[in-house]
There are 2 protein chains.
Amino acid sequence: MTDVARAAGVSQSTVSRVFSLPDTVRADTRDRVLEAARRLEFTPNPAASALAQGRTGTLGLLVPNVVNPYYAEIIKVVQHRARAKGHTLVLADTGDEPEDGFALARAVGRQTDGLLLAGPRMTDAMVGELARSGPVALIGAEAPGADSVYAEPATGMRQVIRHLAALGHSRIVYVDGTLTARDPACRQPVHDACAEFGVDLVEQLGPFDLTFDNGVAAADLVPTSGATAVIAHNEMVAHGVACGLARQGRSVPGDFSLVSVDDTFMARTIYPALTVLHVPLDLMGARGVDLLLHRIEDPDGAIRHSPLPTSLVVRESTGRPGSVSGDV
Amino acid sequence: MTDVARAAGVSQSTVSRVFSLPDTVRADTRDRVLEAARRLEFTPNPAASALAQGRTGTLGLLVPNVVNPYYAEIIKVVQHRARAKGHTLVLADTGDEPEDGFALARAVGRQTDGLLLAGPRMTDAMVGELARSGPVALIGAEAPGADSVYAEPATGMRQVIRHLAALGHSRIVYVDGTLTARDPACRQPVHDACAEFGVDLVEQLGPFDLTFDNGVAAADLVPTSGATAVIAHNEMVAHGVACGLARQGRSVPGDFSLVSVDDTFMARTIYPALTVLHVPLDLMGARGVDLLLHRIEDPDGAIRHSPLPTSLVVRESTGRPGSVSGDV
DNA sequence: GACCACCCTGCATACGCATGCAGGCATGCG
DNA sequence: CGCATGCCTGCATGCGTATGCAGGGTGGTC
C-alpha cells in the first residue's frame with residue numbers, strides 16, 4: 001500500500017481511504033490511486049484490515065449435516081446473501097453432537113463477525129452462552145437468547161391435514177423425530193388440525209433423526225396402522241417412506257398418500273413428485289443473514305424472532321384413499 | 001495477551017509462544033500462562049495472528065453448486081479434513097459461469113492460504129492464472145498448471161459396460177453433458193469398452209448440464225433408441241431418467257437397466273437402488289486438502305496429479321433386458 | 001572449579017491497514 | 001477584500017501477535 005501511495009504521489013492513508021471509504025477522496029485522486037494499484041497489482045490485505053478494524057467481514061455458518069439437502073439449500077442461499085452484502089462465508093459441519101457443535105461454534109465465532117446456527121442441536125443454555133459472546137442468529141430454530149427465523153408450522157400443517165381430509169383420508173401416520181426439538185413444535189398443530197377435521201392420528205415419533213433409513217423403517221409399520229396417508233417431517237424420511245412402500249409393492253398415491261415438509265429439490269426428483277408443505281428456505285437463509293448483520297451493527301438491539309409462513313404445494317403423491325387391505 | 005502476561009508474571013512473547021509454539025516453553029511456565037488465560041477468558045486473535053504470520057489458517061473451497069449432492073459430499077469431507085488439519089473452511093458457490101467462478105476465486109484466494117476448486121467451470125488458462133497467484137488444487141478435474149485429484153474412469157467404465165453386456169444388453173444409451181468437460185474424458189473409455197464387448201452405443205450428449213430435468217428429457221428418447229440400458233453420468237440425471245421412465249410407465253430394471261456414476265446418497269434414496277460406478281468422493285476430498293496443504297508448505301514442488309480408482313457397485317437398477325417393444 | 005552448551009525468556013520490532021486529528025486550500029459570504 | 005466554512009489530504013499512532021536476537025540461568029563436562 002505504501003508503494004501504491006508512492007506511485008500515485010499520495011500518502012498511505014489516502015490509499016487506504018480509496019479502498020475503504022472511497023467517497024472521502026476526491027475523484028481524480030481516487031482514479032490516480034486506483035490506476036497505480038492496478039499497475040502494481042495491489043489488493044488490500046484482509047488480515048491487516050481485519051486487525052485494524054476489529055472486523056473480519058466474515059460470517060460463520062454451522063449446520064448439522066452439509067449433505068442433507070435442507071441444509072445444503074440453506075448454505076447456498078446464505079452464501080449468496082452474505083456475499084451480496086460484502087461478507088465471506090465460513091462453513092462448519094457440526095454433526096449431531098451438541099458438545100461438538102458448541103465447541104465448533106466457539107472456535108468459528110472467534111474468527112468471524114457473527115454466527116449463523118442452522119438447526120442447531122444445542123441446548124438453550126449453549127445458544128445463550130454463544131449469543132453472549134458474540135452476534136448469533138438461528139435459522140430454522142428458536143431460542144430465547146438469540147435472533148431467529150423459522151417456519152411457522154401451525155397454519156401450514158392445518159392446510160396439510162385439511163387437504164388429506166378433503167381427499168377422504170380419515171387416519172394418518174405422522175413421522176417425526178426428536179432431534180429437531182428446537183424447531184418450533186409442529187405436533188400440537190397437527191393434533192389440533194386432526195381433531196378439527198375428524199382425522200385419526202398415528203404418531204410415529206422416535207429419538208431417531210429424520211434419515212432415509214428411518215423412513216424405510218417407518219414404512220414397514222404403515223400398512224398395519226390402518227392409515228391411508230403418511231406425513232413425513234422432511235424429504236429424507238419421505239424418500240425413505242416412499243422407497244419402503246415401493247419395496248413392499250405398494251403404490252403412491254394409489255395405496256397410500258404421502259406428504260413431506262420442506263420442499264427441497266428432492267421433492268421433485270422422485271416419482272411421484274411429492275406433495276409438500278413448502279418452507280421458504282430461501283427467505284429463511286436470507287433473513288438469517290439480515291438478522292445477523294443487523295445484530296452486528298446493533299449488538300444491544302431487541303431480540304427479533306421471525307416466523308415465516310409455509311404453504312401447501314400439491315403435487316402427485318396425494319390422492320383419494322385406495323382400497324387398502326390393512327394386512328395384519 | 002498483555003494482560004495474561006501480566007497475570008502470569010511473564011512477558012507477552014512468552015504468552016504468544018504458549019499458544020503458537022507450546023514446546024518451546026517450560027511446562028510449569030506454560031501451565032501458569034494457560035491458567036491465567038483461562039481465568040481471563042483469553043483467546044488469541046486470529047486476525048492479528050494472520051497478519052503477523054502471513055497465514056490465515058483458512059482454506060477456500062469453490063463449488064459450482066452446493067445443493068448438488070456430489071459437491072455437498074465433497075464439501076463435507078473437505079471441511080472435516082481441513083479442520084482436522086487445523087484449518088478453517090471458507091465456502092463459495094460459483095454457479096456455472098466461468099467468469100463468476102474466476103472472480104470469486106480471486107477474491108477468496110486473497111483471504112485464504114489456498115484454494116480448492118471442485119469441478120471448476122474455468123478454462124485451463126484461468127486455473128493457471130490462479131495457480132500462479134497462490135496455492136491451488138483441483139478436485140474432480142484436471143488442468144496442467146495445478147495439483148489435482150480425480151476419478152480414473154477408464155477401468156470403471158469398462159466394468160460397467162462389461163456388467164451390462166454380461167446381463168445381455170447389446171445396445172446402450174449414454175447420457176453426458178459437456179459442462180463437465182474438465183473431468184478427464186469418460187467417453188473414449190466407453191467407446192472402447194463397447195467395442196470390446198460388442199455393444200452398440202447411443203450417445204446422448206449435449207451442451208446441457210447434468211441436471212434432473214435433462215435426465216427426464218433424456219428418458220423420453222430412450223424407448224425409441226432401441227437400447228435396453230442407460231448410463232447416466234451422475235445421480236441427478238439418473239434420477240431424472242428414472243422419473244422420466246416411471247412417468248412413461250416403464251419399469252427399472254424390468255424394461256430398462258440404469259447405471260449411474262458417483263454414488264452419492266441419492267443412489268440409495270430411490271427405488272430401485274441404483275447400480276453405480278462408485279467414485280471415492282471421501283478420498284477425493286481428503287486428498288484434495290492434503291495436496292493443497294502440501295503445496296502451501298512447498299510452493300515450488302512438482303505438480304502432482306492423483307487419479308483415484310473407481311469401482312462398480314451393483315444394486316437393483318440393472319438386470320437382464322426385458323421385452324422392450326421399442327415403440328416408434 | 002571453570003567453562004561450554006543449551007534451554008528458556010524478555011526485548012524490540014514488524015506485519016499492513018484504519019482512523020482521529022490537524023493543517024492547507026478553495027469557495028462563499030458579508 | 002477579509003474571514004468563515006468545508007472539503008481533502010497527510011501525519012502519527014494503534015490494532016494483537018510472531019519472531020530474531022540476546023541475555024540469564026542451568027546442567028554437564030573435563
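Lettering follows sequence order; numbering is per chain, from 1.
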message: Testing the basics here: between A/Ala143 and A/Asp124, what is the closest heavy-atom pair and its distance to 0.1 Å?
response: CB-OD1, 3.9 Å
- prompt: If only atom types and distance count, is the side chain of B/Thr112 paired as donor or acceptor with the main-chain N or O of B/Val108 below 3.5 Å?
  reply: yes
Please report the distance, rounded to the nearest Å, between [atom1] in [X] and [atom2] in [N].
X	N	atom1	atom2	result
A/Arg55	C/dG16	CZ	P	24 Å
A/Gln53	D/dC15	CD	C1'	11 Å
A/Leu51	D/dC15	CG	P	9 Å
A/Asp28	C/dA26	CG	P	13 Å

Between [Y] and [X], does any NZ, NE, NH1 or NH2 come within less than 4.0 Å of an OD or OE carboxylate oxygen?
X	Y	answer
B/Arg55	B/Asp113	no
A/Glu73	A/Lys76	no
B/Glu41	A/Arg110	no
A/Arg32	A/Glu35	no

- prompt: In dot-bracket, 5' to 3', how would DNA chain C read with Watson-Crick or G-U wobble pairs under 3.5 Å, [ ] for crossing ones and | for pairs to another strand?
  reply: ||||||||||||||||||||||||||||||
message: Please evaluate residues A/Asp96 and A/Arg121 with respect to the criterion salt bridge (Lys or Arg N to Asp or Glu O under 4.0 Å), reporting the C-alpha separation (whole Å), side-chain torsions for both, the decisive distance (0.1 Å), and the verdict.
response: CA-CA 6 Å; A/Asp96 286 327; A/Arg121 311 298 203 225; 3.0 Å; yes
field: Residue B/Ser11, side-chain atoms from C-beta onward, closest of D/dT17, C/dG16, C/dC11
entry: C/dC11
- line: From the candidates D/dA18, D/dT9, C/dG10, the one with an atom nearest any side-chain atom of B/Met1 is D/dA18
task: Output yes when at least one side-chain N/O atom of B/Thr14 is less than 4.0 Å from OP1 or OP2 of C/dG10, else no.
output: yes
- prompt: Does B/Ser13 make a side-chain N or O approach to OP1 or OP2 of C/dC11 shorter than 4.0 Å?
  reply: no
- request: Using a heavy-atom cut-off of under 4.0 Å over every strand shown, decide if B/Ser16 touches base, sugar-phosphate, or nothing.
  value: base
task: Could you tell me whether A/Val15 contacts a base, only the sugar-phosphate backbone, or nothing, with contacts defined as non-hydrogen atoms closer than 4.0 Å?
output: nothing
- request: For A/Gln12 and for A/Arg32, find the nucleotide of DNA chain D with the closest heavy atom, then tell me which residue's nucleotide is more 5'.
  value: A/Arg32
Side-chain-base donor-acceptor pair under 3.5 Å for B/Arg26 and D/dG25: no
task: Hey, which sits more toward the 5' end of DNA chain C by its nearest nucleotide, B/Arg110 or B/Thr24?
output: B/Thr24
